[in-house]
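Before any comments, here is the structure.
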Amino acid sequence: MRNMNRIIFTLSLILSVICQAKTINESLYIADPINSIVFDDCDACGCAAGNGSSGFESLLNPQFIGIKYFAQHYKAKENLFVKDLTQDQYFNTLQVWGKIPLTKKLSVYASLPFHFHEKKTMQGDININGIGDLNLMGIYRIINSKDNFHQLNGGLGVKIPLGKFDEKGASGVNPSFQLGTGSWDYQAALNYKFQKNKLAVLVNTDYTVKTENKKKYHFGNQWNYAATGFYQLAGNEKTIFSAKAGLQGEVYNKNKQFNEVLPNTAGSALYGKVGFEASYKKFSLGGEVMLPAYSNLAGGDIDAKSRFSVFINFGI
């Protein structure tokens, strides 16, 4: 068991180092598909200014504590005098997260991210890093069929503004280039799971209501949705390996400042994704690559590129 634990830990470190946001293959061909699961703490424009997610459950370890790395790449219009989308923006997040049971039906989800973001401008590179906003959510099992084929979970949560909000940064091409929203935001989520034999399907949706922060800036509300299919390729009593593929979408409303609507701040994006989840006893490892099938962000001033994530969890 010690050797297997060392292998899983080493693999996760290698993946997190070599698969930074800058190194993802952005063609439609993905040689080594990898995947993620829950609560990507970044919105469609790429930062903690949103509270994006793709559900709140791992297929293999529904109750867990762990670490996740999440990277995003965008192209943006650098200034009014540049027509092309020339500015590369890289958003990277390392977060501690977990889903802990309180009763048979009730669990608590929490995540605390650390962001390190970079954008390349004509005047030089700009980097920000620091702690992000704390997410807390109560999750209740609404339906669990007798044959365990069907399960429906619902959640209500809050985002606590621990991350720094920079008012000057909000005036840029991408106002989401932030460590946090600076506001208390609220979320409702639903997660449906169908599982039979080697096949499973997860369908997730959540909606985040964002409020005005102390700087009178108000990020737009956001809706996320995702559908993911899993197929078990190998497994025994101790080990399971599953491949997965699906779609994930994000829609967000216009931002406001001093109660005035800001132009070119709404948008939507749809991603295709492929990945895997593997487990050994109570340990699970997973990864995901996402490529945009559709992108209409900030009135065309921002173009979504690749996303990548990897996690390692311990089941409880």
Side-chain angles (χ1 to χ4, degrees), residues 36-58 63-72 91-103 106-117 128-140 153-170 174-191 204-224 250 252-253 255-257 259 265 309 311 313 316:
S36 81
I37 38 180
V38 187
F39 281 122
D40 301 329
D41 290 309
C42 297
D43 70 351
C45 273
C47 189
N51 189 20
S53 75
S54 56
F56 46 71
E57 184 172 357
S58 165
Q63 315 288 354
F64 65 91
I65 55 173
I67 298 175
K68 178 179 180 180
Y69 170 75
F70 181 50
Q72 301 176 87
F91 296 82
N92 299 277
T93 298
L94 185 66
Q95 72 177 22
V96 178
W97 64 346
K99 183 168 175 271
I100 301 171
L102 298 180
T103 68
L106 183 65
S107 300
V108 172
Y109 167 85
S111 70
L112 182 62
F114 183 87
H115 302 296
F116 43 108
H117 305 325
I128 59 173
N129 60 79
I131 193 171
D133 295 335
L134 173 65
N135 288 275
L136 295 173
M137 175 172 279
I139 301 169
Y140 185 78
N153 299 291
L156 293 174
V158 61
K159 182 179 64 61
I160 302 171
L162 301 182
K164 180 182 178 182
F165 171 80
D166 181 8
E167 189 177 9
K168 293 182 180 179
N174 189 350
S176 292
F177 191 77
Q178 304 283 346
L179 298 177
T181 62
S183 62
W184 289 76
D185 302 332
Y186 306 94
Q187 187 177 54
L190 281 175
N191 167 272
N204 309 297
T205 184
D206 62 76
Y207 191 82
T208 302
V209 177
K210 302 172 188 178
T211 65
E212 186 178 79
N213 61 28
K214 293 180 180 180
K215 300 293 185 178
K216 302 300 180 181
Y217 198 94
H218 187 167
F219 287 96
N221 296 345
Q222 184 175 342
W223 174 46
N224 302 303
E250 298 163 348
Y252 60 104
N253 297 333
N255 300 346
K256 295 181 180 180
Q257 191 169 26
N259 209 32
T265 53
S309 64
F311 70 86
N313 291 339
I316 54 177

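Computed from a prediction, not measured in an experiment: that's the story for all the values here. Residues: numbered from 1 along the sequence shown.
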Q: Tell me, with the steps shown, if V108 and I139 meet side chain to side chain contact (heavy atoms under 4.5 Å, CB included).
A: CA-CA 6 Å; V108 172; I139 301 169; over 6 Å; no
Q: Start with the C-alpha gap between N92 and H115, add the side-chain angles, then the distance that decides, and say whether side chain to side chain contact (heavy atoms under 4.5 Å, CB included) holds.
A: CA-CA 6 Å; N92 299 277; H115 302 296; over 6 Å; no
Results of side-chain contact (heavy atoms from CB on, under 4.5 Å) for [X] - residues two or more places apart only:
| X | value |
| --- | --- |
| L156 | A188 |
| V209 | Y207, N221 |
| K256 | H218, N259, V261 |
| L162 | L112, L134, I160 |

**Q.** Whether Y217 and F165 hold their rings parallel, tilted or perpendicular, with breakpoints at 30° and 60°
**A.** tilted
(Q) Students often mix this up, so state it plainly: with edges at 30° and 60°, are the rings of F64 and W97 parallel, tilted or perpendicular? (A) perpendicular
Separation between [atom1] of [X] and [atom2] of [Y], rounded to the nearest 0.5 Å:
| X | Y | atom1 | atom2 | answer |
| --- | --- | --- | --- | --- |
| E250 | Y252 | CD | OH | 9.0 Å |
| N153 | L190 | CG | CG | 9.0 Å |
| F114 | N129 | CZ | CG | 4.5 Å |
| N204 | D206 | CG | CG | 8.0 Å |

**Q.** Heavy-atom closest contact (M137 atom, A189 atom, distance)
**A.** CE-CB, 4.1 Å
**Q.** Contact summary for P113 and Q95, nearest pair of heavy atoms
**A.** CA-CB, 3.6 Å
Within-4.5 Å side-chain heavy-atom neighbours: [X] and [Y]:
| X | Y | value |
| --- | --- | --- |
| F311 | N313 | yes |
| K159 | Q187 | no |
| W184 | V158 | yes |
| S111 | L136 | no |
| N255 | P175 | yes |
| I131 | K164 | no |

Q) S107: what forms a side chain to side chain donor-acceptor pair (under 3.5 Å) with it, not counting sequence neighbours? A) Q63
Q | W223: side chain to side chain donor-acceptor pair (under 3.5 Å) partners, not counting sequence neighbours | A | T205
Q. Is there a side chain to side chain contact (heavy atoms under 4.5 Å, CB included) between T211 and Y186 once you walk through the steps?
A. CA-CA 8 Å; T211 65; Y186 306 94; 4.0 Å; yes
Sub-3.5 Å donor-acceptor pair from the side chain of [X] to the main-chain atoms of [Y], do we have one?
| X | Y | answer |
| --- | --- | --- |
| N213 | T181 | yes |
| K210 | G220 | yes |
| D133 | G163 | yes |

(Q) Testing the 3.5 Å rule here: is there a donor-acceptor pair between the side chains of T208 and Q222? (A) no
Q) side chain to side chain contact (heavy atoms under 4.5 Å, CB included) between Q257 and E167: does it pass, once the steps are laid out? A) CA-CA 10 Å; Q257 191 169 26; E167 189 177 9; 3.7 Å; yes
Q: Mind checking salt bridge (Lys or Arg N to Asp or Glu O under 4.0 Å) for K215 and listing every partner two or more places apart, or none if nothing turns up?
A: none
Q: Applying ring-ring contact (aromatic ring centres under 6.0 Å, His included), run through F116 and F91 and close with a yes or a no.
A: CA-CA 7 Å; F116 43 108; F91 296 82; over 10 Å; no
